[in-house]
Amino acid sequence: MSERQKRPPTKLVPVPSVNKIPERDINKAPILECQHLGIDFGGLTAVNDFNMAIGRTEIAGLIGPNGAGKTTVFNLLTKVYQPTRGTILLDGVDTHNMTTAQVNKAGIARTFQNIRLFNNLSVEDNVKVGLHNQVKYGMFQGVLRLPGYWKEEKRAHESAMELLRIFDMEDLASHQAGSLPYGAQRRLEIVRALATNPSLLLLDEPAAGMNPSETADLMDNIVKIRDTFHIAVLLIEHDMSLVMGICEGICVLNFGEIIAKGTPDEIKNDPQVIEAYLGKKREV
Amino acid sequence: MNKLKRLSPATRSNYLTYLGVILAFAILQPMAAGGKLSPTLQGQLVPICAYVVMTLSLNLTVGVLGELSLGHAGFMSVGAFSGAVAASALQYSIPNGGLRLAVAMVIGAVFAGIVGVLISVPVLRLNGDYLAIVTLAFGQIIKSIVENLYVGVDGKGMLHASFLKPLTSLGEGGRMIVNGPMGIPNIAEISSFIAGFILILITLAVIFNLVNSRAGRAIMAIRDNRIAAESVGLNITKYKMMAFVTSAALAGAAGTLFALGQPAIVASKFDFNTSILILVYVVLGGQGKMWGSIIAATFLTVLPETPAMRGLADYRMLVYAVVLIVVMLVTNSPAIQSFFSRFQKEAERENGKGGEQA
């Protein structure tokens, strides 16, 4: 707590090392801009000097070996951890001192590496919880079942079904979320995140545990989500066919530091990335 | 019947719960009016209603919100004493017993709700077992406070209260209402079975409507996964507090109903044992299952008073402890779980075919 208060007020210094943004987004301010972001756990620096910008409708990838700090970056962006250093600008607004819930209201929605659904609620109710801040009626209207309740609940039901339709899940609406098969749970998490009406969607290993055909479907759906909702997507993924297939910008993290940024083609041929993934070539 | 089948299982179970309560009332009320019930059971009708409402309200905290509260009798105590004082003070201004009872219940609920807000502000910000620890202490604190509280009304109808020292200056026409450790010695018994029945219906309506609304979904989402709930923009403290305070206010109304159905009440009636008793009812009835709470509270209130069980009354808490342990073992045994999950799957399949959610 005291650590946070001691932090100096934000200084907006230009950061030279932000990555390239796709051409169609170039004239608009980036949706997300991280400047010198970093966090220490005790003496351990988990993420250091993380600079990145994401365009309005960009699909960006965050990759790196296990333990590189990818999920920590997500936790910093969503304020599960408060950063020790640096600034996060969401749509130009500094998220310093915001809580996780406030960051979500400001426009960042996420999924989790280990699925976190509301297991005892139905699929539809999971999505409706995501719609929570879009549905406007108070506790008393709900308890007394005033007209506002019926109107807003009807709207919530319709939006929930519409969102579930993206992944063809409307048939599962009345099922209990915890009893869904693994792949459907992953998709439901994405739907729930979308329900919060984000401008930036963070996906933490969306294809984990999926077979190649499911992964291919997921790739189509991520692109479809971007095109329908006009939002930016940042994803962590180990499946290179997915990352190289749909990401326009990729950022490679190793030991908490960015070692490369660029388009998929640039990343594929970057010697440092190859070294991080495959190891050093033995000197003969 | 067909229409009933088309409803979602949750809505159907809610309607059946209302129906069950109304049926039970329809059977018992004529019997009670005709004097066909045994005197013990006749005297138990109002306490049964009070305990049912207590159990339902605690189920909101334990089953729906997923937090353990060990001081629920404290809220009952607050409701009982504030409601009884209100009823006593209003004796002459509202001569109608039923109306006075209703006003007293509202006052009891409001006071218990305020106390609920006061203790939840600091506590609900914490995670884990802290709520259980603090509510445990809270129950004891309320008991000590009420035992040292003296409230009286003077000739003009003004309330006087004092803490630790008995009141001496009530003057002409004044009378004591709360008399320290002796509690309230003479209560006009205005609670009735009908009032208890109405309170149960109101409690059910509040809980069901809350659970099936935006706020209720948020509360259950927090129970299921706090981190995910935060990530979709829910204000955790707000919704935890909403559930907790609603639960406290309902317990307060139940306390008023209980107190005004007794000839006298003392603070030690609402002690730790009572809190645990109500928790036992909730666990036996099933967390989050309101119909289970009603059945468990009714049976476990009636059972110790039946002639056959009278001799065992001293071993009541012991028996409950054993029953609790058995329930935990049974519900966690894989054989029993698979037995029940079979039913659940069948119901789900049927529901899937049935189609639309109401």
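Numbered from 1 within each chain, the chains take letters A, B, ... in sequence-line order. Only a predicted model underlies this, so the values are computations on that prediction, with no experimental measurement involved.
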Highest number of heavy-atom pairs under 4.5 Å with chain B: which of [options]?
{"options": "A:K79, A:K128, A:R110, A:R192", "result": "A:K128"}
{"options": "A:V143, A:D171, A:T196", "result": "A:V143"}
{"options": "A:N133, A:L144, A:N126, A:N120", "result": "A:N120"}

Heavy atoms from other residues, nucleotides or ligands near NZ of B:K289 exceed 12 (cutoff 6.0 Å): no

Under 4.5 Å to a heavy atom of chain B? For A:L172 that would be neither

Whatever's closer than 4.5 Å to a heavy atom in chain B on A:T100 counts as both

Greatest number of heavy atom pairs closer than 4.5 Å to chain A - which of [options]:
{"options": "B:V206, B:N212, B:N209", "value": "B:N209"}
{"options": "B:I222, B:V232, B:L210", "value": "B:V232"}
{"options": "B:R223, B:E230, B:R214", "value": "B:R214"}

- Message: With no hydrogens and no angle check, just 3.5 Å: does a side-chain donor-acceptor pair link A:T71 and A:D204?
- Response: yes

The interface call for B:I227 against chain A, heavy-atom contacts under 4.5 Å, is both

Checking A:E153, A:E152, A:E158 against A:R155 for salt bridge (charged side-chain N to carboxylate O under 4.0 Å, His left out), the one that qualifies is A:E152

Angle between ring planes, B:F75 versus B:H72, binned at 30° and 60°: parallel, tilted or perpendicular? perpendicular

Checking B:F208, B:F197, B:W291 against B:Y18 for ring pair (Phe, Tyr, Trp, His ring centres under 6.0 Å), the one that qualifies is B:F208

(request) Could you walk me through whether A:L146 and A:Y137 pass the side chain to side chain contact (heavy atoms under 4.5 Å, CB included) test, one step at a time? (result) CA-CA 10 Å; A:L146 298 179; A:Y137 67 85; over 6 Å; no

One should read off an interatomic distance between A:W150 CH2 and A:K154 NZ, to the nearest 0.5 angstrom, of 12.5 Å

